[in-house]
Number of protein chains: 2
Amino acid sequence: MESSPAIETTTPSARQQAVLDAVLGLMVEAGDQLTMDAVARRASCSKETLYKWFRDRDGLLTATVQWQASRVRAGRYEARALDVATLSESLRDFATTWLEVISSSASIALNRIAIGDAGSRKSNLGSIVLANGRFAIGDRLKPLLEAGRAAGLLAFDDSETAFRTFFGLVGRDVQIRLLLGDAIDFDAAEIRRDAASAVEQFLALYGQPQS
Amino acid sequence: MESSPAIETTTPSARQQAVLDAVLGLMVEAGDQLTMDAVARRASCSKETLYKWFRDRDGLLTATVQWQASRVRAGRYEARALDVATLSESLRDFATTWLEVISSSASIALNRIAIGDAGSRKSNLGSIVLANGRFAIGDRLKPLLEAGRAAGLLAFDDSETAFRTFFGLVGRDVQIRLLLGDAIDFDAAEIRRDAASAVEQFLALYGQPQS
DNA sequence: GCCGTACCGTACCGTACGGTTCGGCTCATA
DNA sequence: TATGAGCCGAACCGTACGGTACGGTACGGC
């Protein structure tokens, strides 16, 4: 269960970024009719250019996924002097950010595309999304969990297992419901509430009683 | 957050079931090239028959989803005399069954299809899958939870919230990883282990101390 | 002023696929 | 043995879409 590194590639030029944003916009508004024609029209560029820059449709999608991933990287969580308050605060931030990401229309659209072609063995959008989503989050959260353990605030054997529990408590059924088209009303307040109660539950399971 | 009833329709004839099984097989083996031609070839029937029986491609997919759902309905969990042992045993059964379902290749393929066209507003495979998956499970688990509460074994205000926690603890990152093409080795022993520890955690959060 | 480069817009090609039509086979009923 | 319903297999149609080709324009370097 090694963590895949979040793939990094040469950043696209400004014009190319505009194209990728057009793709994202199109995904969100009409995920089905994501045709090369539509992209070219929306981005005011020619299909020839699309093919020159991104090789083929798959390359365009891959670049889009990576482009979106590159700007989701949220703030880091430095292991400052940890007490139970700052730890749970950091965990809440983490949970909140994660819930905001997975409930954003861009993420939903992107995951739909990636899941769709994970069924066809060609291309590997799925693994890219996984590497930049689930596994990137794990890589960023585990140091915090381990710092919490080092500070005597948490108790667990395997940080991977602890992380997966955290993931489940935070995400619950949200992502699958959104992906399947369920319209959950999920405003910022609701997200904060859910994040807080998930952290509370996580600490109930893994927290070390402070003597 | 009303629970949608699991849609029930007239059961297909034996021949029709064979066709639907062909669709399922095709989904699993090559989810992308799920064409009407391929289905007809695999089921040794004519496209004319497909269109007569199922109206159009969408009707065929809908019937397939419902057909698959109809045979997933696992055993019921009668509220026998509840003590903590039988309750946690029932919960373990539940979790095990659920994990087996979501990790089965049929379920993965089906969810991929449903998610794929949840992006296009036409058709509502997504809601059908939700109704027969996530919500059907909820409807079947909640009575058990409430029986546990009535017996003084569990403590919670809202059975929906308690269920969603259970869902998260059991499923964690499994479904999204499988949908995105991650190859988790998930044998029966692993599933039982995961189910058991999820139930243990759930009881740690919601269990009522037995005096 | 001339040329090469990069790009836009559009027309075009090939193919795949949803859906329709039709000829022919089988079989049950009369 | 005639008839018709039900179905198979194959040919067919229209369209949508990925990918290519090409004419035209703007611009920087010589």
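In what follows, every chain begins at residue 1, and chains take the letters A, B, ... in the order their sequences are listed.
Distance from the side chain of B:Cys45 is smallest to D:dC8 among C:dG9, D:dG18, D:dC8. For A:Thr49, whose side chain is taken as the heavy atoms from C-beta onward, the closest listed nucleotide among C:dC17, D:dG18, C:dC8 is C:dC8. When distances run from any side-chain atom of A:Lys47 to the nucleotides D:dC8, D:dT20, C:dG18, the shortest one goes to D:dT20.
Side-chain nitrogen and oxygen atoms of A:Arg15 include at least one within less than 4.0 Å of the OP1 or OP2 phosphate oxygen of C:dC8. Look at A:Ser46 and you won't find any side-chain N or O under 4.0 angstrom from OP1 or OP2 of C:dC7.
Salt-bridge formation is detected for the pair B:Arg134/B:Glu160: a Lys NZ or Arg NE/NH1/NH2 atom is positioned less than 4.0 Å from an Asp or Glu carboxylate oxygen. A salt bridge links A:Asp194 with A:Arg172; the closest basic N to acidic carboxylate O contact falls under 4.0 Å. The pair B:Arg71-B:Asp21 meets the salt-bridge criterion, since a charged nitrogen lies less than 4.0 angstrom from a carboxylate oxygen.
Taking atom OH of B:Tyr51 as the reference point, atom P of D:dG9 lies 16 Å away to the nearest angstrom. Atom-to-atom, CG of A:Asp58 to P of D:dC17 comes out at 17 Å; the value is rounded to the nearest Å. Distance CH2 (B:Trp53) to C1' (D:dA5): 14 Å, rounded to an integer number of Å. Between the C1' atom of C:dG18 and the CG atom of B:Leu61 lies a distance of 12 Å, rounded to the nearest Å. Between A:Leu34 atom CG and D:dA16 atom C1' there is a gap of 14 Å when expressed in whole angstrom units. As a whole-Å value, the separation of A:Arg41 CZ from D:dG18 P is 11 Å. The separation between B:Arg42 atom CZ and D:dG9 atom P is 15 Å, rounded to whole Å. In this structure, B:Asp37 places its CG atom 14 Å from P of C:dT20, rounding to the nearest Å.
Donor-acceptor pairing under 3.5 Å, judged by distance alone, is absent between the side chain of A:Glu48 and the base of C:dC7.
In this structure the side chain of B:Ile191 reaches within 4.5 angstrom of the side chain of B:Ser103, judged on heavy atoms.
A residue-by-residue look at B:Lys52 and A:Met36 shows that B:Lys52 has its nearest nucleotide of DNA chain D further toward the 5' end.
A perpendicular orientation is assigned to the rings of B:Phe202 and B:Phe166, their planes being inclined by more than 60° (bins at 30° and 60°).
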